[in-house]
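When a ligand or atom number is given, it counts from 1 through the structure's own listing order. Sequence positions, counted from 1, serve as the residue numbers for this chain.
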Amino acid sequence: MAFVSGLKCRECGRESPADPLNVCDFCFGPLEVVYDYATIAEVVSRDRIAAGPLSIWRYGDLLPAESDDPVDIMAGYTPLIKARNLGRRLGLNNLYIKNDSVNPSFSFKDRVVSVAATKAVEFGFETLACASTGNLACSVAAHAARAGVRAVVFIPSDLERGKIIGAAIYAPTLVAVDGTYDQVNRLCSELADNYNWAFVNINMRPYYAEGSKTLGYEVAEQLGWRLPDHVVVPSASGAMFTKIWKGFNEMACLGLLEGVEASSFGPDQNTVHHPAVTTRMHMAQAEGCSPIVSAWDKDDARVTPVRPDSLAKSLAIGNPADGIYSLRVINNSGGTAYAVPEDRIVSGIRLLAETEGIFTETAGGVTVSCLAHLAEQGAIKPDELTVVYITGNGLKTQEAVEDEVVNPLSVRPTMTSFEAAFLN
Ligand SMILES: *Cc1c(COP(=O)(O)O)cnc(C)c1O
Ligand SMILES: [Zn+2]
């Protein structure tokens, strides 16, 4: 059962029916899902969530699609790991890793796509499409396979091999566009007006984006229905960043958190900030594409688009759709934003691998190096509960590290040969 009452413009506040629609007819502002929270509050409970499926659909009451038969390849329910070694290295005693690199198609995008695909099938679409920085292509192709619908996915042609193969294996129509992600996205927006396809991050965007709220819910549930003091989140469009915050606030307002009184959502449910939500939201971008961080640095309420040139291709969105909304979240939460130097991306990947045994992609390298920076600056105190979101898998971006890792010892199958190499 989905408790959606419609869509609402984030700029002018006008409401529209819950259709496959992402911009306001009146002012072209972005649309967001509106819920009937009064009814959700009657239905939802910690026990009901805990008894649900071991995927994002355990939070089905808070997602904008019918959860009875979702397009579910088991996105979500990923591990939250106490990071003792990395914590020791950084002087943090209460550090956790949300390891979303182990999702079915190896990135957090499975959360958003599972919701968008379910909604697309509900609307009767027969083609699932997207403009992708890489991981989205993999996830859309995988979910389309599961749903038995066609997939048409668009990627920038300079993508890593692991992402091209990681999408191609599900046999979508894969279109490599000679251009940046922002150009791919513009092309897809034109196509969305002319083809009756469900572009998960264009005409399905209001529903799609809601899937990222589960990154907030899960962390709260895994911490015993409590929220962290700090989170560190990598951002491209900024959508995930805003939705983790929204998820935390929904949990608080619905009375699902330990020791927190339920409260009403107020007149604008999508900007609600429950006073018990004191988590500081820290955004990580890579220096080669950091339009949101630049705006935050300059205390500018607008985001000036940039042309990306970064190793972290999954974060390379020069014109971020949720940029201004994520700036508000940074400010409302007392968080910060940091652009990681390009030459710290691989060191972040290596640090996580060598301390915690987790191989993340370039976006994760950005996140870990941002965390290290925050710890060094004293923005995070040693005992504060901190969660760092690792959103994608290192096997997809092997190019980034292949020249940096140690080569194997080459030996003949004899003891002498081994010892000659090993004892050297
Ligand atoms: C897409 C992506 C992000 C950023 O998501 P946004 O919601 O666009 O900010 C972060 N990490 C990885 C691995 C991604 O693929
Ligand atoms: Zn509007």
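- Between Asp158 and Lys313, at least one side-chain nitrogen of the basic residue sits less than 4.0 Å from a carboxylate oxygen of the acidic one, meeting the salt-bridge criterion.
- A cation-pi contact links Lys119 to Phe123, judged by a cut-off of 6.0 Å to the six-membered ring centre and 45° from its axis.
- Per-residue contacts place Ala239 under 4.0 angstrom from the following atoms of ligand 1 (heavy atoms of the residue considered): 7 (O), 9 (O).
- Cation-pi check for Arg10 over Tyr325 is met; the charged atom lies under 6.0 angstrom from the ring centroid and within 45 degrees of its normal.
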Discussion item. Evaluate Tyr59 against Glu218 for side-chain hydrogen bond (donor to acceptor under 3.5 Å, both in side chains), listing each step before the verdict.
Written reply: CA-CA 9 Å; Tyr59 310 105; Glu218 258 175 50; 4.9 Å; no
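- Atom numbering of ligand 1 starts at 1 in the shown order; those under 4.0 Å from a heavy atom of Glu361 are 13 (C).
- With a 4.0 Å cut-off on non-hydrogen atoms, Phe108 touches ligand 1 through its side chain and not its backbone.
- Ligand 1 has no atom lying under 4.0 Å from any heavy atom of Ser107.
- Atom numbering of ligand 1 starts at 1 in the shown order; those under 4.0 Å from a heavy atom of Asn135 are 13 (C), 14 (C), 15 (O).
- Angle subtended at the Zn ion (ligand 2) by Cys24 SG and Cys9 SG: 110°, rounded to 10 degrees.
- Atom 10 (C) of ligand 1 has as its closest protein heavy atom Leu315 CD2, 3.4 Å.
- The number of heavy atoms from other shown groups lying within 6.0 Å of CZ (Arg89) does not exceed 12.
- Among protein heavy atoms, the minimum distance from atom 12 (C) of ligand 1 is reached at Thr391 OG1, 3.3 Å.
- The Zn ion (ligand 2) lies at the vertex of an angle of 120° between the SG atom of Cys27 and the SG atom of Cys12 (rounded to 10°).
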Item to complete: Would you sort out whether Asn332 and Met281 count as a side chain to side chain contact (heavy atoms under 4.5 Å, CB included), showing the intermediate values?
Response: CA-CA 9 Å; Asn332 290 343; Met281 302 283 302; over 6 Å; no
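- Residue contacts with ligand 1: Gly238 is placed with a nitrogen or oxygen under 3.5 Å of a nitrogen or oxygen of the ligand (distance criterion only).
- If you number the atoms of ligand 1 from 1 as listed, the ones under 4.0 Å from a heavy atom of Ser235 come out as 9 (O).
- Shortest contact from atom 7 (O) of ligand 1 to any protein heavy atom: Met240 N, 2.9 Å.
- Of the protein's heavy atoms, Ser237 OG, 2.7 Å lies nearest to atom 8 (O) of ligand 1.
- The side-chain heavy atoms of His282 and Tyr338, taken from C-beta on, include no pair separated by under 4.5 Å.
- Residue Asn99 is tested with Ile81, Thr78, Leu80 for a side-chain contact (heavy atoms from CB on, under 4.5 Å); the sole match is Ile81.
- The shortest contact between atom 14 (C) of ligand 1 and any protein heavy atom is with Lys109 NZ, 2.9 Å.
- The main-chain N or O of Ser333 is never found under 3.5 Å from a side-chain atom of Arg280 such that the two would form a donor-acceptor pair.
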